[in-house]
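The structure appears right after this line, and notes come after that.
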Amino acid sequence: MTQQTTSSVDNRPKNYLGSALLFISIFSTATVVGLILFALFWTPFPVRYKIARAWCVLVVEMAKFFCGLTYEVEGLENITPENTAIIFSNHQSAWETLALRVILPSQTAVLKKELLYLPLWGWALLLVKSIVIDRKNQRGALKALVEQGTERLNEGLWVLIFPEGTRAGAHEVLPFNVGGAVLAQKSEFPVVPVVHNAGTFWPRYSFLKYAGTIKVKIGAPIDTKGRKASEINAEAEAWIKAELEKM
């Protein structure tokens, strides 16, 4: 897939003030919510999850208020909350890590253990049943993903996976890592592919956010029973690439 060249000129209006206010608001509210979660560590998980999700809703609304950034979703008919599944999403920005918590059923996500070193914020992430892995130990990380992921799925939590492993450019999809597909193969829970173009408006490594409407599309569940991880990955990756090209 062709990546937008770095030499191309972006003539969109630069919203420095809105981007700055959003940045400040995200970190200040995250601190407050982290303190609340830490204080309520003894409460049942659904209570803690609702608090964390409410913050995600707040950030999405702040992005709209400060930066004129909205979103639209296609394919919600493919989501049945009680039919727990693994979400495969492309990864372009920080937006989808928050917005998918708002759009999709109760879920957990993979967390690299280095984030646990962040005072308060990292600790708070543990309180929403994040799946912690050590990326430096690939075999151990895969084992942790399969064991913890299967446990969360059996609890009724959806599992959010970014198979690319890192953020890609706005017009590209990086090769998929095998971890999420191995989880799908071993657990036999279906995979729901999700694609978006958030990077067009909330670019990776960029302070600036741009006004516009992010498109999110949810695909039909992919059956994983009796299938190899490579087959699952190939089908999800092909769908995401094809749909991103249409956006």
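Residues: numbered from 1 along the sequence shown.
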Verdict with supporting geometry, K241 and E245, salt bridge (Lys or Arg N to Asp or Glu O under 4.0 Å): CA-CA 6 Å; K241 283 183 176 180; E245 287 181 348; over 6 Å; no
Just do the ring-ring contact (aromatic ring centres under 6.0 Å, His included) check on Y71 and W95 with the steps written out, would you? CA-CA 11 Å; Y71 69 93; W95 181 87; 5.7 Å; yes
Walk me through whether E114 and R135 qualify under salt bridge (Lys or Arg N to Asp or Glu O under 4.0 Å). CA-CA 9 Å; E114 286 80 6; R135 289 186 175 179; over 6 Å; no
Start with the C-alpha distance between E231 and K228, add both sets of side-chain angles, then the distance that settles salt bridge (Lys or Arg N to Asp or Glu O under 4.0 Å), and finish with yes or no. CA-CA 5 Å; E231 296 173 353; K228 295 180 180 179; 5.4 Å; no
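Evaluated for a side chain to side chain contact (heavy atoms under 4.5 Å, CB included) with Q185, the options V178, V146, I232, T224 yield exactly one hit, I232.
With a 4.5 Å cut-off on side-chain heavy atoms, E164 and P175 do not count as touching. Between E74 and K215 there is no side-chain heavy-atom pair separated by less than 4.5 Å. A 4.5 Å side-chain heavy-atom check between F88 and I222 finds every atom pair outside the cut-off. When side chains are defined from C-beta on, L104 does not count as touching W158, because their heavy atoms never get closer than 4.5 Å.
Residues T29 and W55 have side chains that bring a donor and an acceptor to within less than 3.5 angstrom of each other.
Ionic pairing of D10 and R12 is present here: one or more N-O contacts between side-chain nitrogen and carboxylate oxygen are shorter than 4.0 angstrom. Salt bridge R204/E172: present, at least one basic N to carboxylate O contact under 4.0 Å.
Distance check: L160 CG to Q107 CD gives 5.0 Å after rounding to the nearest 0.5 Å.
Counting only residues at least two apart or on different chains, no salt bridge (Lys or Arg N to Asp or Glu O under 4.0 Å) pair has a member in residues 174-192.
Taking the ring centroids of W202 and F207, they lie at or beyond the 6.0 Å cut-off.
Using modelled atom types, no side-chain atom of R152 and backbone atom of T108 make a donor-acceptor pair closer than 3.5 Å.
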